[in-house]
Student: 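Take this structure, written in structure tokens, and hold onto it; I'll ask about it next.
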Amino acid sequence: MPNRNTAPEAAGRELARMAAALRDAGAEVLAMPCNTAHTHAAAIVEASGLPLIHMIEETARAVREAGARRPGVLGTGAGRMLHAERLDALLLDASDQAAFMDLIGRIKAGDTGEAVRTGMARLAGRLVDQGADAVVAGCTEVPLVLGPGDLDAPLIDTSRVLAAACVKACR
């Protein structure tokens, strides 16, 4: 799978191809546990002809249901997509975003140690200090090192939101 951050067009083509293959294998509905990959949602639906449980739309609903008006986002594309959902999402500044991406790389490499946990909690805390009334775990790796008890605001885990939407859709 091409990197969704560094090779987005190639990733979009591959995701569309994979969606069509899932349809051909008998899938009736699609779900994708990657926030950033949802930038290709239209191409995925077009290529497969199947409904896609949209992680960002479901997360926006969960943010609203939690009563949050200004969520902070720990993620790559999720923040921009939440803006499209008419949420006033707070994003990390460039320096903190670079630190976040470093932490994500470390988690993907298997490091979920104290330094990574502390770094992620620090970034989440900065969003809360800037006025976030909830923090969206906008990359699936975030909840591996950050939990609700680590913040002074609700943590909205997009993977859990997606899982609940999948259960609901498949009843």
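Computed from a predicted structure; not experimentally measured. All values below were derived from every heavy atom in this structure, side-chain atoms included, with hydrogens, water molecules and symmetry-related copies excluded.
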Student: For Gln130, look at atom CD and say whether over 12 heavy atoms of other residues, nucleotides or ligands are found less than 6.0 Å away.
Tutor: yes

Student: Which is it for Thr76 and Cys139 under the side chain to side chain contact (heavy atoms under 4.5 Å, CB included) test, yes or no, and what are the steps along the way?
Tutor: CA-CA 7 Å; Thr76 57; Cys139 281; 4.3 Å; yes

Student: Nearest heavy-atom pair of Gly72 and Ala132: which atoms, and what distance?
Tutor: N-CB, 3.4 Å

Student: Hey, does Arg64 have a side-chain heavy atom less than 4.5 Å from the side chain of Leu87?
Tutor: yes

Student: Atom CG in Leu144, atom OG1 in Thr112: separation rounded to 0.5 Å?
Tutor: 7.5 Å

Student: Look up atom CG in Leu146 and atom CG in Leu123, then write down how far apart they are to the nearest 0.5 Å.
Tutor: 9.5 Å

Student: Where is the tightest heavy-atom contact between Ala134 and Ala68, given as atom of each residue plus distance?
Tutor: CB-CB, 3.7 Å

Student: Is there a donor-acceptor pair under 3.5 Å between the side chain of Thr39 and the backbone N or O of Thr36?
Tutor: yes

Student: For a quick test of reading the model, state the closest non-hydrogen atom pair linking Ala19 to Ile44 and the distance between them.
Tutor: CB-CG2, 3.6 Å

Student: Can you tell me which residue among Val73, Val142, Asp157, Leu74 is in a side chain to side chain contact (heavy atoms under 4.5 Å, CB included) with Val135?
Tutor: Leu74

Student: Around atom CZ of Arg122, are there more than 12 heavy atoms of other residues, nucleotides or ligands at under 6.0 Å?
Tutor: yes

Student: Group every Ile, Leu, Val, Met, Phe, Trp and Tyr by side-chain heavy-atom contacts under 4.5 Å, then state whether Val29 and Met18 land in the same group.
Tutor: no

Student: With a 4.5 Å heavy-atom cut-off, do Leu30 and Ile53 have their side chains touching?
Tutor: no

Student: Which heavy atom of Gly12 sits nearest to which heavy atom of His40, and what is that distance?
Tutor: CA-ND1, 3.4 Å

Student: Are Val45 and Leu50 packed together at the side-chain level, in the sense that at least one heavy-atom pair is separated by less than 4.5 angstrom?
Tutor: no

Student: So, do Leu22 and Ser48 sit near enough that their side-chain heavy atoms are less than 4.5 Å apart?
Tutor: no

Student: Shortest non-hydrogen contact from Ile107 to Met120?
Tutor: CD1-CE, 3.9 Å

Student: State, yes or no, whether a side-chain contact exists between Val161 and Ile156 at a heavy-atom distance under 4.5 Å.
Tutor: yes

Student: Under 3.5 Å, side chain of Asp133 to main-chain N/O of Arg69, donor-acceptor pair present?
Tutor: yes

Student: Only distances under 3.5 Å count here; give the side-chain donor-acceptor pairs of residues 89-104 to other protein atoms, sequence neighbours excluded, each with its distance to 0.1 Å.
Tutor:
from, atom 1, to, atom 2, distance (Å)
Asp93, OD1, Ser95, N, 3.2
Asp93, OD1, Asp96, N, 2.8
Asp96, OD2, Arg126, NE, 2.7
Gln97, NE2, Gly75, O, 2.9

Student: Per the side chain to side chain donor-acceptor pair (under 3.5 Å) rule, what does the pair list look like for residues 18-32, sequence neighbours excluded?
Tutor: none

Student: State whether the side chain of Asp150 and the backbone N or O of Ala121 hold a donor-acceptor pair below 3.5 Å, judged by distance alone.
Tutor: no

Student: For the residue pair Val136 and Pro71, what are the closest heavy atoms and their distance?
Tutor: CG2-CB, 4.0 Å

Student: Between the main-chain N or O of Ala137 and the side-chain N or O of Thr158, is there a donor-acceptor pair closer than 3.5 Å?
Tutor: yes

Student: Distance check, rounded to the nearest 0.5 Å: Arg61 atom CZ versus Ile56 atom CD1?
Tutor: 12.5 Å

Student: Measuring from Glu57:CD to Thr59:OG1, what's the distance to the nearest 0.5 Å?
Tutor: 10.0 Å

Student: Is Glu14 salt-bridged to Arg17, going by a charged N under 4.0 Å from an acidic O?
Tutor: yes

Student: Please confirm whether the backbone N or O of Met55 pairs with a side-chain atom of His38, one donor and one acceptor, at under 3.5 Å?
Tutor: yes

Student: Could you measure the distance from the CD atom of Glu141 to the CZ atom of Arg106? Nearest 0.5 Å is fine.
Tutor: 14.0 Å

